[in-house]
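Down below is the structure, laid out as structure tokens.
These numbers were taken from a predicted model, which means no experiment stands behind them.
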Amino acid sequence: MLGLDKVTRRLALTAIGGVLLLAFAGCAREDQNALIVSQADSVVAVAPLAEGSRVLPAGSGSIFFELLDFDLSNPDAFGRAGDKFGYGIQSNWYRFDGSDRNSATDIRLPVPSTSGGIAEDIHSGCRMGDSRWWGGAAGFDLWCPFDGLSPSTDYVVALVRYSVDQRGALDASEKLIFGTVAEPDSLVLLGGSPGGYPGEPCNFSANLAYQNGPDGTQNPFVLGTVTSTPLGVADFDCLVGYSTFWADWNGADGSGNPPIMPNRLDDGHGRSYDLPWYNYMEIYEGQIIPGPTDVPVIRLQLGVDLDASGNPIPNSFAPLPTEGLNLQETAVADAATSAPDSLFLTYDYLAALDGMTYKLWGMFDDGSIQALDFEYRAFDSGGDTVVAPSVVSSFNGGDLTHELRAAYPGDTTQIVQFFLTIDASDASQPSDAQPLWIEDAIPGVFRAGESKSSNTPPIIFGTFDLGASNMRPVEMTGTGGGGLFGAEYRYTYEHLRRPPAGYQYVGWLVGDTAVARLPDAAFTTPPREYAELTDADNDDTFDTISPLVTRTEIVEALSRACTEETVTAGPTCAGPFDLSRYDTFVLTLEPKDGTDVVGPTRVLEGVVPAR
């Protein structure tokens, strides 16, 4: 059972965050087609390096919100009904689109008969107001066209004053918040006894003499009768006279009561609504004064709902909503207070780890860092589940799509940042390897009317270092060229980005049936320095590796491999390699996991020269 003053709805605010796919254009320069150093007389098939796939592990992030409070004790939590619900206020008359509220959508009991019609013209709908607006004398006019009625049949139109016998949450609020109603409320006649003028025609031209207005004792109050056409169409155009000019919904002239209740919580002067105020209009079949057993064919709500004492019910509407608010409307409703509920992350193409794992961490607003358990599943490119959902503390990666959902903490502490690292599965604190993270995970509460966005930045790939000033996002840049000199196969590079913590550049020889990973020591600065660049990711030593390694990039670098012939110049050359088995050279950005599987992040690639 839903409470009256506080209800909860879960929202999945979609499209939060963005897919990270860093693809940076780069073109090989002509001077890179020439080798820097020649160590032999023979030069074979000098080849430029071209851009590789230039894809870092892609990802997206979403923060899920739960609407923790709908404070329905607020008298006007959702505001009085406006154009969204088909109810407009025009100068000194009401307009109501009857198609928004008819027998097919009325959920309150007693349910109207299914033989009711709908408004013939949803743009003009029903109009209710000062008859002088249409050239008559002082009085009240109600005009509504309907179709779908029984052909050539008498119908009466009546104004009705109802109270609501509420079951569970108020239907109006429950419909807006959840889109459905669990237990429909009942409408109960409130005061008075049936009366009116069923024998009078409800026709503007034939009724200009005006009937007397309701005397404050009639409920329902029948305005008159209309006979439908052979096609089941009828125009109700009923006039009601008053001794004083009608008061608008603001009670501006302070005199007289028109029969239609304003859609507000009082009459504008602090007075409550009593007869002859009416909050519903109903159409009955037959030339009758409806009794307790008669059921209308059409019911239209005109004014705010009343309780058994005749007082307006907060957060009731005219008309009753036919559908729920969408997610965005619900999140910013006056009654709503929401807070982060959980974080949903998706990663693609994370390298498979052997002996290490990917772990998810949260940095809290008090500076503490905690490993987060999460529900994990993985599926292949065809959408088939490879790893069934389960709650884990780490995962091994692989060429799959990985989904992680972590619960957001309570109100006492807030997560400032989420990030993913390569660590041992039982690590209690993150290591220096922090390649993926989300910044600004929306601490605090998201309240209606605030400008705070519910979006997170894209998942970023790079050196996080827990927010230090040397945090370094990774971009895919660089040019290169290479060839074969005698027994030495060499590719040279310029302006590669420094790798993120826990990552390194790796050279690969790739063929149809063979793959060879060049040793870590094969990736160095150029001759004659030959400084090994395996640890170029380490911020603490960026200025001690080589003058060619700056804070942000590796200015020049080299990959070397040897054929079966022997090379004696310079440091030991990796090999020997039978180049006839390979047709492509690839430079990748890889986790420091030592695996012999080419990762998806191909920075540069080129053809292996033929002997």
Side-chain angles (χ1 to χ4, degrees), residues 16-22 55-64 340 342-364 368-379 386-387 389-409 415-442 456-468 470-475 499-504 537 539 589-593 595 599-601:
I16 304 174
V19 171
L20 176 69
L21 179 59
L22 299 181
V55 177
L56 293 171
S60 62
S62 302
I63 287 198
F64 281 65
S342 59
L343 178 79
F344 183 80
L345 301 175
T346 301
Y347 292 105
D348 293 321
Y349 310 118
L350 291 174
L353 301 178
D354 183 12
M356 300 292 281
T357 62
Y358 293 99
K359 288 186 68 70
L360 183 64
W361 305 84
M363 177 190 290
F364 292 78
S368 64
I369 299 172
Q370 298 178 24
L372 303 176
D373 291 339
F374 50 90
E375 184 181 77
Y376 170 76
R377 70 181 289 254
F379 52 90
V386 177
V387 180
S390 62
V391 177
V392 299
S393 59
S394 63
F395 65 104
N396 293 106
D399 191 2
L400 300 167
T401 295
H402 309 272
E403 288 187 351
L404 291 69
R405 183 162 188 160
Y408 202 86
I415 289 182
V416 179
Q417 293 173 325
F418 290 90
F419 54 96
L420 199 70
T421 66
I422 299 173
D423 272 299
S425 60
D426 60 352
S428 59
Q429 287 292 300
S431 67
D432 292 335
Q434 299 151 15
L436 302 171
W437 72 94
I438 288 182
E439 292 188 70
D440 301 326
I442 315 181
T456 65
I459 291 174
I460 304 235
F461 185 86
T463 301
F464 176 43
D465 199 19
L466 307 185
N470 58 355
M471 181 174 67
R472 187 176 61 241
V474 171
E475 298 174 340
Y503 275 65
Q504 67 181 114
D537 63 316
D539 282 342
L589 186 62
E590 302 270 348
K592 292 183 176 182
D593 55 13
T595 59
T601 307

Spell out, as yes or no, whether a donor-acceptor pair under 3.5 Å connects the side chain of [X] to the backbone of [Y].
X      : Y      : result
Thr401 : Asp348 : no
Lys359 : Ser425 : yes
Gln429 : Ile369 : yes

Could you tell me whether the side chain of [Y] reaches within less than 4.5 Å of the side chain of [X], counting heavy atoms only?
X      : Y      : answer
Tyr358 : Ile422 : yes
Asp423 : Trp361 : yes
Leu353 : Pro591 : yes
Tyr376 : Ser394 : no

Legend entry - Over all atoms of both residues, closest heavy-atom pair of Pro499 and Leu589: CB-CD1, 3.7 Å

Legend entry - Donor on one side chain, acceptor on other, Ser393 and Asp373, under 3.5 Å: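 Per modelled atom types, Ser393 and Asp373 side chains form no pair under 3.5 Å.
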
Pairwise distance [atom1]([X]) to [atom2]([Y]) - rounded to 0.5 angstrom:
X      : Y      : atom1 : atom2 : value
His402 : Asn396 : NE2   : CG    : 9.5 Å
Tyr503 : Glu590 : OH    : CD    : 8.5 Å
Leu345 : Leu360 : CG    : CG    : 6.0 Å

Inset, instruction - Give the intermediate values and the outcome of side chain to side chain contact (heavy atoms under 4.5 Å, CB included) for residues Tyr347 and Leu420. - result: CA-CA 10 Å; Tyr347 292 105; Leu420 199 70; 3.7 Å; yes

Inset, instruction - Report the C-alpha distance between Arg377 and Glu403 in whole Å, list the side-chain angles of each, state the deciding distance to 0.1 Å, and finish with yes or no for salt bridge (Lys or Arg N to Asp or Glu O under 4.0 Å). - result: CA-CA 5 Å; Arg377 70 181 289 254; Glu403 288 187 351; 3.1 Å; yes

Legend entry - Passing candidate, side-chain contact (heavy atoms from CB on, under 4.5 Å) with Leu404, options Phe395, Phe344, Phe418: Phe395

